[in-house]
Q: 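Provided herewith is a single structure, encoded as structure tokens, for subsequent inquiry.
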Amino acid sequence: MNNEREVPMFKKWRSWYWLVALVLVAEIVFFTWLTNSFS
Amino acid sequence: MSSIDWIVLVVTLTGIILYGLYKSRTEKNLEGYFLSNRSMPWYMVLLSIMGTQASAITFLSAPGQAFTDGMRFVQYYFGLPLAMIVLCVTFVPAFNKLKVFTAYEFLEQRFDGKTRLFTAALFLLSRGLSTGISIYAPSIILSSLLGWDIYWTNVIMGGMLIIYTVSGGAKAVAYTQQLQLVIIFLGMFLAGYLVVHHLPAGLGFVDALKVGGAAGKMNIITSGVAAKGGFDWKDKYNIVSGLIGGFFLALSYFGTDQSQVGRFLTAKNNRESRLGLLMNGLIKVPMQFLILLIGVLLFAFYQFNPQPIFFNDAVSAQVYKTPYGDSLKAVQVQYSGVMQQQQQHVQAFLQADHAGNASLKEEKARQLQLTQTQATVLKDQYKKYLHQADASIDVNDTNYVFLKFVVDYLPRGLVGLLIAIIFLAAWGSIAAALNSLASCTMIDFYCRVSKTEFRGCEKEEGLQQYNASKWITMGWGVFCIAVAGFANRMGSLIEAVNILGSLFYGVMLGIFLVAFYLKRIQGTATFLAAIIAEVAVIILFVLDRYNITGIGFLWFNLIGAVLVVVLAVLLQNLTAKRVV
């Protein structure tokens, strides 16, 4: 497991990192909508 | 508490201890005891990370926070998912590649022994003291609300978990945290459901949110821009401070605090560590949102039921006996009047909403906010009298809001379950803290100073180290309970934990940032930079205490980290020139 080179590793995991970041953006959008809808 | 509650409480707690003991079988060496032989799948890593971060105060404080200040606290967690990504890119592969036992062991390989020992000492100091406070904080709430003896509550809160933590090490900690979280989520979901269930007939979840929203409790996203314009730097929770401050705090907590690093080092490989951390990044914000939502539901609930002016009855009862009792009564009478008015506005607001009368709805929402402001003024007046009667009283009743509802309104049996949840949440984070304190003491101090080899050693030697680690874990447990015994002199406890963390975390993060991102900086420059930065942070803290400067303690994280990085670069350049 420790022989993986970091640059390929980053690429391999890049879609996961995007997913986490996009879910955060989606949450912020959803929370903004909730804030505006209920205030 | 009724006898059914006692049975539920005792059975749940005993069950967890027995389960912990059952899962205690591990290889009798340091890798088995501290890292579960690096065998954990990602979901165990995830649950262990979550169980370590979520202390009893998380579940007690968050609903109360939303009840008084609204949902905006959730923004504090926005930086966490981003920190998880940075951890996966940099920290995880670096730690796993060197197969370190502790985060600080990595620092010796990158820098030198003194930087490692200094950082490890900062960790032991801050984590040792804050774990003591994490024992005391839920204990004082339970003892105050249920009339329990604080000494014994502390001992049970901090002592029972020692049984499985000492015997089973990291493996028992992870397995019990898994079960604890399942029970905690089940209990919190039931509590949330019952709050809605207790609303008057015909009103439901969405109505509760509408009432909360009308009173300004659904302020989930706030910009941090002050009413006069310009960014308000004193505003603690807004999207900017949440993303930036929350990012640095999460990065330092998950990347440099052994109580968290020790959790993801138990993973089978890089993949499992990464998945555990990234899943935590996906789950944490919604989870915190749902816990906070209970506070908004509680707010709606108390619009149809008598709302106490102060949620810690024991303190009120104590001050009622003093000459301030009459003043308290007078404020209480005024408050009841305001609350009656508020309840009428809420009912009119909901009727207007159901009838689709937008202008009346808006008018009633405005009146509701007005009475809300009046109620806050009266609450502050009440707290002022409490403080005048006895300056040592903690006038912050946020942590009592949720538990008082539980004790007053939930059915028998469920009260016992929710009290058990407070214990389980506390045990999860304290057990991980004790395990990490012991691993740091054993690996970074005992083995390092005595130059004892702990990798691949003979079976008998491994057994000796394993037994010594058990004693060290026990020792830290006793130390933390002793700290809990003195914690009542520390004032506001959550603030005390945050201040303690902020004093050291920034510098620790700075050291790791230099280690990962500034490859040409060497050990001595980093070590000196860290010492100067730590002294500077402590001086800033003292100046802030004496009101000479006005820097809030949350900024110490950022200041400490930036100071270490800048000073390390300067010192490295200085020494490099000398050598030339």
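For clarity, every value in this text was computed on a predicted model and none was experimentally measured. Excluded from the calculations below are hydrogen atoms, water molecules and symmetry mates; all remaining heavy atoms, backbone and side chain alike, are included. To find a chain, count down the sequence lines: A is the first, B the second, and so on, and within it residues start at 1.
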Q: Is it true that B:S241 and B:Y76 share a donor-acceptor pair across their side chains at a distance under 3.5 Å?
A: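 Side chains of B:Y76 and B:S241: no pair found under 3.5 Å.
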Q: Just so I know, are the side chains of B:Y77 and B:F289 near enough to count as touching, which here means a heavy-atom distance under 4.5 Å?
A: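 No, side chains not in contact.
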Q: Whether B:R271 engages the ring of B:W42 as a cation-pi pair (distance to the six-membered ring centre under 6.0 angstrom, angle to the ring normal within 45°) should be assessed.
A: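 Output no; distance or angle outside limits.
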Q: At a 4.5 Å cut-off on heavy atoms, which part of B:M279 comes close to chain A: side chain, backbone, both, or neither?
A: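 Looking at B:M279, just its side chain touches chain A.
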Q: Would you mind checking which part of B:L277 comes under 4.5 Å of any heavy atom in chain A, side chain (CB onward), backbone (N, CA, C, O), both or neither?
A: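 For B:L277, there is no contact with chain A at all, as no heavy atom is under 4.5 Å.
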Q: Does B:C88 reach the side chain of A:Y17, with side-chain heavy atoms less than 4.5 Å apart?
A: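 When only atoms from C-beta onward are counted, A:Y17 and B:C88 do touch, with a gap below 4.5 Å.
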Q: Is there side-chain contact between B:V296 and B:F67, with heavy atoms separated by less than 4.5 Å?
A: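 No; the side chains remain at least 4.5 Å from each other.
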Q: Non-hydrogen atoms of chain A under 4.5 Å away: do they reach the side chain of B:L275, the backbone, both or neither?
A: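 Answer is both: backbone and side chain atoms of B:L275 are under 4.5 Å from chain A.
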Q: Any idea which of B:M84, B:M71, B:Q75, B:K210 has the most non-hydrogen atom pairs under 4.5 angstrom with chain A?
A: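 Looking at each of B:M84, B:M71, B:Q75, B:K210 in turn, B:K210 comes out on top.
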Q: Less than 4.5 Å to any heavy atom of chain B: does that hold for the side chain of A:V20, its backbone, both, or neither?
A: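 When you check distances to chain B, atoms from both the backbone and side chain of A:V20 fall under 4.5 Å.
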